[in-house]
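Taking it in order: structure first as structure tokens, then the write-up.
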Amino acid sequence: MTDTIKFFLDGAEVEAHPGETIWQVANRNGTEIPHLCYSPKPGYRPDGNCRACMVEIEGERVLAASCIRKPAPGMKVNSASERAESSRRLVFELLAADQPDRIVAHDPDSRFWNWAERVEVTDSRFPALARPSKVADFSHPAMAVQLDACIHCTLCVRACREVQVNDVIGMAARGHLEKIVFDFDDPMGGSTCVACGECVQACPTGALMPATQVDEAGIFANAPDRKVDSVCPYCGVGCQLTYEIKDDRIVAVEGRDGPSNRNRLCVKGRFGFDYVHHADRLTVPLVRREGVSKHDVDIDPLNPWTHFREASWEEALDRAAGGLKRIRDERGGGALAGFGSAKGSNEEAYLFQKLVRTGFGTNNVDHCTRLCHASSVAALMEGVGSAAVSAPFMAAEDADVIVVIGANPTENHPVAATFFKNAVKRGARLVVMDPRGTVLMRHATDMLQFKPGRDVAMLNAMLHTIIEEELYDRQYVQAHTEEFEALVANVRDYPPEKMAEICGIPAEKLREVARLYARAEAAIIFWGMGVSQHIHGTDNARCLIALSLVTGQVGRPGTGLHPLRGQNNVQGASDAGLIPMFFPDYKPVDSPEVRAFYEDLWGAPLDPKRGLTVVEIMDAVHEGDIRGMYIMGENPAMSDPDVSHAREALAMLEHLVVQDIFLTETAKYADVVLPASAWPEKDGTVTNTNRQVQMGRRALPLPGKARQDLDLIVEIAKRLGLDWTYAHPREVFAEMTKAMPSLANITWERVARESSVTYPVASPDEPGADIVFTEGFPTPSGRARFVPAKLVAPAEEPDADYPMVLSTGRQLEHWHTGSMTRRASVLDDLEPEAVAYLSARDLERHGFRSGEKIRVATRRGSIELKARVDGAIPPGLIFIPFAYAEAAANILTNPQLDPFGKIPEFKYCAARLEHAYEPAREAAE
């Protein structure tokens, strides 16, 4: 270990850790030194350009900027000498000359004005410079730009270029003409800005601010009267944040220094918060009007609210539970099913699956994991004995080689993507593998844009190279794996020269990337739904697991396997047992020993048969086997494949109870609608993609007569005959620790105190293990297992009638089925309408223009939406986001399932382009 450096600060001896600056040592020891161009937040390097942090060093003629000066042994530093303080006052006085007066400042509580007050500068004797850059720019819906408050500290430049690595903000011109610019001096709203808001959070003066905190005159508004720490409600990254609240309304959001975000946020986390205040919020219980058919939902032009009438809570809960109880008692528990939610808390997920299993008497319970990473879970369970990630995405910092396949993290997991981009700046090699070019491709050192649906051919060719050229880790394979010989025999049939024609990547490139990965000191693999959402999704994941195991790239810093989880609590909901074939912690429901444990814990007999999955449940409704459902926070009328089939199923149900915060497309089919709690309105834990259990805190009161989700689950359970008395989420969490060994040594109080605890945890006073599988695997043999994968073609190939391939996914601004983000004003302003992404060649070939309305059709239906040119989309591919109810992409998608994970093939089906419907032309034809 490198020795610390001892020096003197204001007469007292202090120690500096290796690499620390004088400012950092002073701050750590409680000595505050003014700073403007420096941010102590992780990821920001000191710049030393504002000179607000000057200190005096004995024996030196000039003052030193403490944010960049590193101490030397025996150095004597004075942070409060008259010379240093006089210099700082002068700096602040010069800067104040160019600021709007504090009384009309854009942010009178900014870091600049607070420090100015502390150094006793309230005005300036110097004249202001007439800069041309002082024109206000309100062109962006999320952020206000008022450069009359800019001090050229360049924190926003570093925030954009070095922390988030979006490369939008820069400095232009010289001297007093110098100014901050966006791209080529474009208005911020017309630039390539992705609205992460990192610049707003970094700005020390108010030159960049959230638009929600600036009035029409550009003056500060909506100062918060309180703040509440919580966790982001969107993707699986699990960013910690702080809600800023005024009059019980969220007015702004700031990032916190959480383990997965280190103060960073994306556009959804920072600006997608006002959905909770939307006029569409459900605030009273609703029951379906007598005589109003569920089959009228899609054809009735009337407002769907007219299909319901308001009810008291007593009536609504009695009707909700009564219908479920009647079906259970008449037809048995197998005639019921439940969909839980990955948008709620761990405690809600646990209670929901327990309700279905003990109150309904069936394992027919599932949630959105079936539609995103079910095949990944299947492959991981059989291969390494655990469905969770082996390393957090921050492990990219320690990796030499980072592989991202079938994922678009810059849009789906933007904060995680910053760590990948930071690693590339450090010198890591980034390999991106995807049929669709993504923004991350710009940062890649190697891009493999393979043919859609041909993942196994490409990955087996890499495995062939590694084994043929003896690049595998022989010692690791012998000590920690089994069935290696089966893998060797299988990949003999997949040489790169043969697979190149199938996957579309030249053989030499396949070999080059295989060698790069195998020879790396530390390599890590990240994948997304582009891997999992195929009928061969489990095989895709098996190949990735084999790559990691055969090279020993697991169980060490900078190595591992990481399926990037989609929603904020899909990991936690899966851990809690919200899946039909597993009890909590992935214990199989068909194991007598396991079932006996949970029967004893829960005091109820349990169904010994595996339940049905999401798509299977909808098929069972059509077959008459499922007659009633309880759906909490899921929207299968938008998220299921072949959504017309799913909507028909919902309309066929004898009894449907929907618990949600909006009248979603699914809720329109309900017999009873229960108004529930949004994420900022509840206490509870969530588990992110890194296995970090984090605490969400209630920040807002419930609107109208809405109630807590947890309370509603308990009320339904009581009416089904269960003697439940849970009064607070902490009581549920305490029971979860008995049902889930993964939560050993984690308590509600610990999570509340530490905000985040990573499982597994060895003891109550130790941190959790970020890296797992360091000494073996949680399998019966303690070894990981190779499972060979064969080539399996997509279920539906293009032909003369449908010559193109359709793929679906998410956009940066919108999430899942859009029920939240389409009601977030900034997000919907940024992306207000449905689009289909196409290559310029395909648009030209069909005679379409970018921005023109087109029709996309498959064998299941058609939708109309606008065409958008995307230079990264290869010819023959159509990409459609699935968040738009008015052009629901899942009307088109293929419901064929992976045989192992039971996940639909969202990422591949045959499609064609058509002209949009035009009545005049249709009549003429």
Side-chain angles (χ1 to χ4, degrees), residues 375-385 403 405-406 431 433 448 450-519 523 525 527 530-532 534-554 561 563 777 779-781 783-795 898-901 903 905 908:
S375 52
S376 302
V377 169
L380 287 165
M381 288 298 294
E382 72 177 3
V384 299
V403 175
I405 176 171
V431 181
M433 303 175 176
L448 276 61
F450 59 95
K451 292 179 182 179
R454 270 59 189 179
D455 316 55
V456 170
M458 176 182 66
L459 297 173
N460 270 350
M462 291 176 60
L463 285 165
H464 176 100
T465 300
I466 291 168
I467 292 171
E468 178 192 52
E469 299 182 9
E470 298 187 355
L471 301 175
Y472 61 94
D473 188 330
R474 192 181 304 273
Q475 287 185 324
Y476 187 88
V477 168
Q478 290 176 349
H480 297 291
T481 71
E482 56 192 10
E483 301 190 29
F484 177 62
E485 294 76 12
L487 179 73
V488 173
N490 182 66
V491 300
R492 286 196 189 104
D493 297 331
Y494 299 93
E497 290 70 23
K498 183 178 177 182
M499 294 300 102
E501 184 176 350
I502 297 174
C503 70
I505 304 298
E508 189 48 46
K509 187 64 178 179
L510 292 170
R511 290 188 180 276
E512 176 190 333
V513 173
R515 294 166 187 148
L516 174 69
Y517 178 80
R519 291 168 175 164
I525 300 174
W527 71 92
V531 164
S532 59
H534 291 276
I535 62 165
H536 52 83
T538 304
D539 282 329
N540 290 344
R542 285 166 173 162
C543 291
L544 297 175
I545 294 166
L547 278 170
S548 180
L549 295 175
V550 79
T551 54
Q553 298 286 9
V554 67
L561 295 158
F777 297 87
T779 59
S781 66
R783 292 170 173 266
R785 176 184 169 212
F786 290 105
V787 182
K790 300 289 186 181
L791 290 186
V792 176
D898 175 294
F900 305 97
I903 190 170
E905 190 157 45
Y908 197 107

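Basis for what follows: all heavy atoms, side chains included, without hydrogens, waters or symmetry-related copies.
The two residues V456 and N540 come nearest to each other via the heavy atoms CG2-OD1, 3.3 Å. Between H534 and G530, the shortest heavy-atom contact is NE2-O, 3.0 Å. For S376 against W527, the heavy-atom pair with the smallest separation is OG-NE1, 2.8 Å. The two residues A793 and I535 have their closest heavy-atom pair at O-CD1, 3.3 Å. Between V550 and I467, the closest heavy-atom pair is CG2-CG1, 4.4 Å. Between L471 and A518 the shortest heavy-atom distance is CB-CB, 3.8 Å.
Judged by distance alone, the side chain of H480 and the main-chain N or O of L549 form no donor-acceptor pair under 3.5 Å. Under the 3.5 Å distance criterion, the side-chain polar atoms of K451 are matched with a main-chain donor or acceptor of E501. In terms of modelled atom types and a separation under 3.5 Å, the side chain of S532 and the main chain of S375 share no donor-acceptor contact. The closest donor-acceptor contact from the side chain of E905 to the backbone of A795 lies under 3.5 Å. A donor-acceptor contact shorter than 3.5 Å links the side chain of N490 to the backbone of A789. Here the side chain of D898 pairs a donor or acceptor atom with the backbone of G537 at under 3.5 angstrom.
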*Let me see the working for E512 and K509 under salt bridge (Lys or Arg N to Asp or Glu O under 4.0 Å), right down to the final yes or no.*
CA-CA 5 Å; E512 176 190 333; K509 187 64 178 179; 3.5 Å; yes
*asked:* side-chain contact (heavy atoms from CB on, under 4.5 Å) for Y494 and M458? Distances and angles first, verdict last.
replied: CA-CA 9 Å; Y494 299 93; M458 176 182 66; over 6 Å; no
*Pair N460-M499, side-chain contact (heavy atoms from CB on, under 4.5 Å): steps then yes or no*: CA-CA 8 Å; N460 270 350; M499 294 300 102; 5.6 Å; no
*Please test T779 against R785 for side-chain contact (heavy atoms from CB on, under 4.5 Å), starting from the C-alpha separation and ending with a verdict.*
CA-CA 9 Å; T779 59; R785 176 184 169 212; over 6 Å; no
*asked:* As a quick check of understanding, evaluate side-chain contact (heavy atoms from CB on, under 4.5 Å) for V554 and F777, giving each step before the final call.
replied: CA-CA 11 Å; V554 67; F777 297 87; 4.2 Å; yes
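Contacts of H464 classified as ring-ring contact (aromatic ring centres under 6.0 Å, His included), with partners at least two apart in sequence or in another chain: none.
In summary, R783 and E483 do not engage in a salt bridge, as defined by a charged side-chain N under 4.0 Å from a carboxylate O. A salt bridge is defined here as a Lys NZ or Arg NE, NH1 or NH2 lying under 4.0 Å from an Asp or Glu carboxylate O, and E497 with R511 meets this definition.
The line from OH of Y517 to CG of L547 is 6.0 Å long, rounded to the nearest 0.5 Å. The line from CD1 of I545 to OG1 of T481 is 13.0 Å long, rounded to the nearest 0.5 Å. Atom CG in L544 sits 5.0 Å away from atom CD1 in I525 (nearest 0.5 Å). Taken to the nearest 0.5 Å, the NE2 atom of H536 stands 8.5 Å off from the OH atom of Y908. Rounding to the nearest 0.5 Å gives a distance of 11.5 Å between CG of L510 and CG of L463. Taken from CZ in R492 to CG in L487, the straight-line distance is 10.5 Å, to the nearest 0.5 Å.
Residues S548 and V384 have side chains not in contact (no heavy-atom distance under 4.5 Å, counting atoms from C-beta outward). Side-chain contact between V513 and M433: present, with at least one pair of heavy atoms (C-beta onward) separated by less than 4.5 Å.
If you check the side chains of Y476 and R474, you find no donor sitting under 3.5 Å from an acceptor.
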